[in-house]
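A short worksheet on the structure shown next.
In the text below, chain A, chain B and the rest are named by the order of the sequence lines, each starting its count at 1.
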Protein chains: 2
Amino acid sequence: MGFALSQIGLETSRQFGEVMGTLGLEPRHFAVLHAVQRDEDQTQQAIGDLLAIPASTMVAIVDHLEGEGLIERRPHVSDRRARILHVTKRGETLLAEAMAEAMVQEARICVGLGANERAQLLALLARISLNLGVSSSALPDRGSGNRPQTI
Amino acid sequence: MGFALSQIGLETSRQFGEVMGTLGLEPRHFAVLHAVQRDEDQTQQAIGDLLAIPASTMVAIVDHLEGEGLIERRPHVSDRRARILHVTKRGETLLAEAMAEAMVQEARICVGLGANERAQLLALLARISLNLGVSSSALPDRGSGNRPQTI
DNA sequence: TATTGTTATACTCTATAACTATA
DNA sequence: TATAGTTATAGAGTATAACAATA
């Protein structure tokens with residue numbers, strides 16, 4: 001069981017990386033882009049903390065996303081040290097495409113499974129998650145959660 | 001679903017690494033040790049190919065295992081370039097302990113699941129594996145299989 | 001000339017610690 | 001003095017390519 005889970009998990013995340021690659025994104029870029037859209041107008045550090053990404057790594061990721069015109073760094077109204085992250089129109093568009101691709105992958109993973117089989121599997125996985133102590137927080141790829149981990 | 005699978009797989013393999021760590025093994029060491037026991041008296045390269053581990057990495061892993069007295073490099077009868085890998089008595093003992101620990105982890109993962117729920121989950125995961133194209137070959141941790149991958 | 005194992009090297013990735021500008 | 005973001009740096013990990021012995 002442990003072997004199957006780890007094998008499947010690795011392959012799932014590998015294929016997800018491939019899919020994102022077709023859109024010019026790495027999983028980390030997608031994760032940050034998604035988090036920035038969800039928690040609109042948060043500080044760069046706040047987003048980094050949320051995903052357990054160290055500050056110096058965040059710089060590189062945000063640099064990339066900003067270079068692609070997908071997000072903007074905006075000044076913080078009251079703290080001139082901080083930067084507010086904001087998804088651009090182009091970022092929203094790409095994120096929508098990325099989500100669509102993710103749905104396609106989702107469908108590919110579950111091909112041949114009926115609706116109740118899928119529900120059954122999800123329920124069993126939820127119990128496994130509890131046993132493993134993974135908190136169902138955060139975003140695609142990588143657990144982040146509460147452990148000292150990163151993207 | 002994809003997120004859950006990748007999250008669970010990552011955590012499973014992380015915890016497996018922790019468990020192996022208590023025995024002084026990294027997952028890669030366990031994988032090679034296990035493979036050497038299963039495919040007794042194979043060439044170092046043959047084992048490496050089996051696990052998709054590049055030759056130079058194999059050297060380091062086998063160095064470690066030999067340094068711990070868990071396996072031996074023996075001369076090949078007909079090819080003096082090649083080395084035959086052989087599990088020592090001590091290696092067998094440690095491997096048995098490692099397998100026992102793996103069983104404990106297995107039990108921890110499946111706590112609260114009845115026998116038929118476990119079977120159900122395994123069956124569903126097998127179908128997911130097919131959808132993902134993972135061949136159920138190889139050894140614990142990491143997919144290896146046929147893709148250009150490594151430990 | 002090709003192949004096994006080894007060594008050396010270059011590359012990527014990541015985190016730690018210094019640095020600046022603000023607070 | 002502490003903090004947000006940045007930059008520089010060092011460390012680990014991995015693969016690629018050169019190398020020696022043998023086929």
Side-chain angles (χ1 to χ4, degrees), chain A residues 10 13-14 17 20-21 25-32 35-36 39 41-67 71-86 141-144 147-151, chain B residues 10 13-14 17-18 20-21 25-32 35-36 39 41-67 71-86 141-144 146-151:
Chain A
L10 187 71
S13 104
R14 197 194 63 74
M20 288 302 109
L25 291 176
E26 293 174 28
R28 66 179 55 189
H29 299 137
F30 173 78
V32 169
V36 171
D39 300 314
D41 291 334
Q42 289 290 307
T43 266
Q44 180 169 318
Q45 196 176 58
I47 300 289
D49 287 350
L50 200 70
L51 300 174
I53 301 172
S56 62
T57 305
M58 276 299 287
V59 174
I61 296 173
V62 173
D63 278 354
H64 175 86
L65 291 171
E66 200 175 33
I71 68 177
E72 284 174 4
R73 280 190 248 236
R74 296 183 173 177
H76 188 287
V77 274
S78 63
D79 186 342
R80 294 203 301 177
R81 294 171 304 179
R83 313 301 201 98
I84 293 301
L85 299 185
H86 188 86
D141 240 3
R142 296 299 181 127
S144 67
R147 319 268 169 178
Q149 215 172 166
T150 183
I151 215 72
Chain B
L10 188 70
S13 106
R14 197 194 63 75
E18 245 182 31
M20 288 301 109
L25 291 176
E26 293 174 27
R28 66 180 54 191
H29 299 137
F30 173 78
V32 169
V36 170
D39 300 315
D41 291 333
Q42 288 290 308
T43 266
Q44 180 169 317
Q45 195 175 58
I47 299 289
D49 288 351
L50 200 69
L51 300 173
I53 301 173
S56 62
T57 305
M58 276 299 288
V59 174
I61 296 173
V62 172
D63 279 354
H64 176 86
L65 291 171
E66 200 175 32
I71 68 176
E72 285 174 3
R73 281 189 247 237
R74 296 183 172 177
H76 189 287
V77 275
S78 62
D79 186 343
R80 295 204 300 176
R81 293 171 306 180
R83 313 300 201 98
I84 292 302
L85 300 184
H86 188 86
D141 240 3
R142 297 298 180 131
S144 67
N146 38 14
R147 319 267 169 179
Q149 215 173 164
T150 183
I151 217 69

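Taking atom CD of B:E66 as the reference point, atom P of C:dG5 lies 13 Å away to the nearest angstrom. Regarding B:L51, its CG atom lies at a distance of 16 Å from the C1' atom of D:dT14, rounded to whole Å. The nearest whole Å value for the distance from the CZ atom in A:R74 to the P atom in D:dG5 is 16 Å. Distance, A:R73 CZ to C:dA21 C1': 15 Å, rounded to whole Å. Distance, A:R28 CZ to C:dA15 C1': 12 Å, rounded to whole Å. Separating the CG atom of A:D63 from the C1' atom of D:dA4 is a distance of 14 Å, rounded to the nearest angstrom. Here D:dT16 presents its C1' atom at 17 Å from CD1 of B:I53, a figure rounded to the nearest Å. If you take CE of B:M58 and P of D:dG13, they are 18 Å apart, rounded to a whole angstrom.
Panel note: side chain A:H29, backbone A:E26; a donor-acceptor pair is recorded below 3.5 Å.
Between A:T57 and A:R28, some side-chain heavy-atom pair lies under the 4.5 Å cut-off. Side-chain atoms of A:V32 and A:M58, non-hydrogen and from C-beta on, do get closer than 4.5 Å to each other. Within the 4.5 Å cutoff, the side chain of A:I53 has no heavy atoms near those of the A:I47 side chain. Contact annotation: the side chain of A:D39 never approaches that of A:L85 to less than 4.5 Å [non-hydrogen atoms, C-beta and beyond].
When the side chain to side chain donor-acceptor pair (under 3.5 Å) test is applied to A:R81, the partners found at least two apart in sequence or on another chain are A:D79.
B:I84 pairs in a side chain to side chain contact (heavy atoms under 4.5 Å, CB included) with only one of the listed residues (B:Q42, B:R73, B:H76), which is B:H76.
Between B:T57 and D:dA15, a side-chain N or O to OP1/OP2 separation shorter than 4.0 Å is present. Phosphate proximity of D:dA4 to A:Q44: absent, as no side-chain N or O sits under 4.0 Å from OP1 or OP2. Here A:R83 does not reach the OP1 or OP2 of D:dT3: none of its side-chain N or O atoms lies under 4.0 Å away.
Comparing B:E26 and B:A55 by the nucleotide of DNA chain D whose heavy atom lies nearest to each, the residue mapping closer to the 5' end is B:E26.
Residue contacts shown for A:A82 are limited to sugar-phosphate atoms, with no base heavy atom under 4.0 Å away.
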Exercise for the section: Sugar-phosphate atoms are those with a prime plus P, OP1 and OP2; base atoms are the rest. Using that split, label each nucleotide of nucleotides 17-23 of chain D B, S or - for protein heavy atoms under 4.0 Å, 5' to 3'. Expected result: ----BBS

